[in-house]
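Everything below concerns the one structure shown next.
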Amino acid sequence: MTTEAGLLLVDKPAGATSHDVVLRIRRKLGVRRIGHTGTLDPFATGLLLSLVGSFTRLADLYHGLPKSYDATMALGRETDTDDLTGKTVSEDAAWRELGAEAIRVAFAAREGVGRQVPSAYSARRAGGERAYALARRGERPELEAREVTIHEIAVTDIDLPRVCFRASVSTGTYVRALARDIGRDLGPGAHLTALRRTTIGPFGVGEAISPGAAAEAVVAVSPAWRPGAAALPWVRRRELNDREQDEVRHGRSVERGDVRSPPERARGAGGSPGEPVALCAPDGLVAIAEERDGRLHPKKVFVA
């Protein structure tokens, strides 16, 4: 593998879209193929995983990773976007009567598996169109509730009407919709005023770099740049000998052999046969394989 293929951990600034960040990284690295594994709203900040070069083919492996956020919501006002960028749709001063214990209980009640209606201004499809496109035309998209999991949620500070909280959630969970629903549970409604993504699976924003420092991170030995199997620290892996590398690069399967689970595993990752396996050589990632009938069948091959 070349240094033009890998995973880059980026700390997205407020005001930029995720697409803006990708374009900036593309210019910095001079690599055409750049993608990301999960959008952040423009007002939000924090961890954005950017896939570089041929590693854009690995995007589906990241979609199921849980995400953690630090967030702030304001009680007493709902908006049409469920966040501070939207128009006010209702106001209620009953937040003044709320006590800290009632607020903490409402948050704790949301922990676990539940159903969530996505925000009207979301990328979910309704009738074949993106919900946000319908909402911007003044229409009200009909969105079905989806099952989501709130792994952990806790209030970190209360200064009414502001409530700060930390949440670890399953993929597909909208934190602004979570704030909206907790506001309704409490009575006066709420909207999200700040959001920072701190982790995605085993990756943390503390190791991320700004978009402008992308080139330096790739050239230097930086924890923000993860080439080869380092981009997939939770995925089981199998080391290949020279003969097996040649077999795999020609699309042929190899014996299961010694498939190992790395110590750094994402939440919920077990060792079932259906899980992908990273096939590795000393100089990098050779392929992503599927385990079947005691053999490893390459599904995505990376030619050296």
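Formation of a donor-acceptor pair under 3.5 Å by the Arg166 side chain with backbone atoms of Asp70 is not found in this model. Side-chain atoms of Gln116 never come within 3.5 Å of backbone atoms of Thr173 as a donor-acceptor pair (strictly under, hydrogens ignored). Of the possible polar contacts, one joining the Thr79 side chain to the Asp83 backbone as a donor-acceptor pair under 3.5 Å is found. The closest donor-acceptor contact from the side chain of Ser222 to the backbone of Ala224 lies under 3.5 Å. Using modelled atom types, one side-chain atom of Asn241 and one backbone atom of Arg243 make a donor-acceptor pair closer than 3.5 Å. Checking side-chain atoms of Thr198 against main-chain N and O of Ser68 turns up a donor-acceptor pair under 3.5 Å. Thr171 contributes a side-chain N or O that, together with a main-chain N or O of His63, makes up a donor-acceptor pair within less than 3.5 Å. Checked by atom type and distance alone, the side chain of Arg176 never pairs as donor or acceptor with a backbone atom of Leu195 at under 3.5 Å. The main-chain N or O of Thr72 is found under 3.5 Å from a side-chain atom of Thr193 such that the two form a donor-acceptor pair. A donor-acceptor pair under 3.5 Å is formed between the side chain of Ser50 and the backbone N or O of Gly35.
Residue Thr45 comes nearest to Ala14 through the heavy atom pair CG2-N, 3.5 Å, listed as atom of the first residue, atom of the second, then distance. Shown here for Lys300 and Arg57, the closest heavy-atom pair between the two residues is NZ-O, 2.5 Å. In terms of heavy-atom proximity, Pro202 sits nearest to Trp234 at CG-CE3, 3.9 Å. Scanning both residues, Leu186 and Ala106, for their nearest heavy atoms gives CD2-CB, 3.6 Å.
Side-chain contact between Arg115 and Val148 is absent, with no heavy atoms from C-beta onward closer than 4.5 Å. Residues Pro13 and Pro211 form a side-chain contact, since some pair of their non-hydrogen atoms from C-beta on lies under 4.5 Å apart. Between Val163 and Leu75, the closest side-chain pair of non-hydrogen atoms falls below 4.5 Å. Under the 4.5 Å side-chain criterion, counting only non-hydrogen atoms from C-beta, Leu51 is not in contact with Ile34. You'll find the side chain of Leu7 stays beyond 4.5 Å of the side chain of Leu232, heavy atoms only.
Sorted by first and then second residue, the salt bridge (charged side-chain N to carboxylate O under 4.0 Å, His left out) pairs with a member in residues 17-35 form an empty list; sequence neighbours excluded. Within the structure, salt bridge (charged side-chain N to carboxylate O under 4.0 Å, His left out) contacts touching residues 195-215 (residues at least two apart or in different chains) are Asp11-Arg196, Glu207-Arg226.
No hydrogens or angles considered: nothing links the side chains of Arg236 and Ser261 as a donor-acceptor pair under 3.5 Å. Ser119 and Asp82 form a side-chain donor-acceptor contact under 3.5 Å, judged by distance and modelled atom types alone.
To the nearest 0.5 Å, atoms CD (Glu111) and OG1 (Thr149) are separated by 11.0 Å. Distance check: Leu65 CG to Thr199 OG1 gives 9.5 Å after rounding to the nearest 0.5 Å. Atom CG of residue Leu285 and atom CG of residue Leu58 lie 6.5 Å apart, to the nearest 0.5 angstrom. Rounding to the nearest 0.5 Å places CG of Leu29 at 6.5 Å from CG of Leu8. One distance of note links OG of Ser18 with NZ of Lys12; it measures 6.0 Å at 0.5 Å rounding. Expressed to the nearest 0.5 Å, how far CD of Glu290 lies from CD of Glu275 amounts to 12.0 Å.
The pair Asp60-Lys299 fails the salt-bridge criterion, with no side-chain N (NZ, NE, NH1 or NH2) lying under 4.0 Å from an Asp/Glu carboxylate O. With respect to Arg77 and Asp92, no salt bridge is recorded, no charged nitrogen being found less than 4.0 Å from a carboxylate O. Salt-bridge annotation for Arg256 and Glu291: present, with a side-chain N of the basic residue lying under 4.0 Å from a carboxylate O of the acidic one.
With sequence neighbours excluded, the residues forming a side-chain hydrogen bond (donor to acceptor under 3.5 Å, both in side chains) with Asp185 are Arg110, listed by chain and number. Partners of His297 according to the side-chain hydrogen bond (donor to acceptor under 3.5 Å, both in side chains) rule, which considers only residues two or more places apart in sequence or in another chain, are Arg292. The side-chain hydrogen bond (donor to acceptor under 3.5 Å, both in side chains) check on Arg237 picks up nothing, with sequence neighbours excluded. Residues passing the ring-ring contact (aromatic ring centres under 6.0 Å, His included) test with Phe107, sequence neighbours excluded: Phe165.
Residue Leu49 is not grouped with residue Leu40 when hydrophobic side chains (ILVMFWY) are merged at heavy-atom distances under 4.5 angstrom, including chains of intermediate members. Val175 and Leu48 are assigned to two separate hydrophobic clusters, defined by single-linkage of ILVMFWY side chains at heavy-atom distances under 4.5 Å.
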| task | Apply side-chain contact (heavy atoms from CB on, under 4.5 Å) to Tyr69 and Val169, showing your working. | result | CA-CA 8 Å; Tyr69 298 87; Val169 302; 3.9 Å; yes
| request: Starting from the C-alpha separation in whole Å, work towards a yes-or-no answer on salt bridge (Lys or Arg N to Asp or Glu O under 4.0 Å) for Arg162 and Asp159. | output: CA-CA 5 Å; Arg162 179 182 60 84; Asp159 183 14; 3.5 Å; yes
| said: Walk me through whether Ile103 and Trp95 qualify under side-chain contact (heavy atoms from CB on, under 4.5 Å). | reply: CA-CA 10 Å; Ile103 293 172; Trp95 59 267; over 6 Å; no
| task | In sequence, state the C-alpha distance, the side-chain angles, and the governing distance for Leu9 and Leu47, and then conclude on side-chain contact (heavy atoms from CB on, under 4.5 Å). | result | CA-CA 7 Å; Leu9 279 60; Leu47 186 59; 4.1 Å; yes
| request: Given side-chain contact (heavy atoms from CB on, under 4.5 Å), test Leu296 with Ser253 step by step and report yes or no. | output: CA-CA 5 Å; Leu296 300 176; Ser253 66; 5.9 Å; no
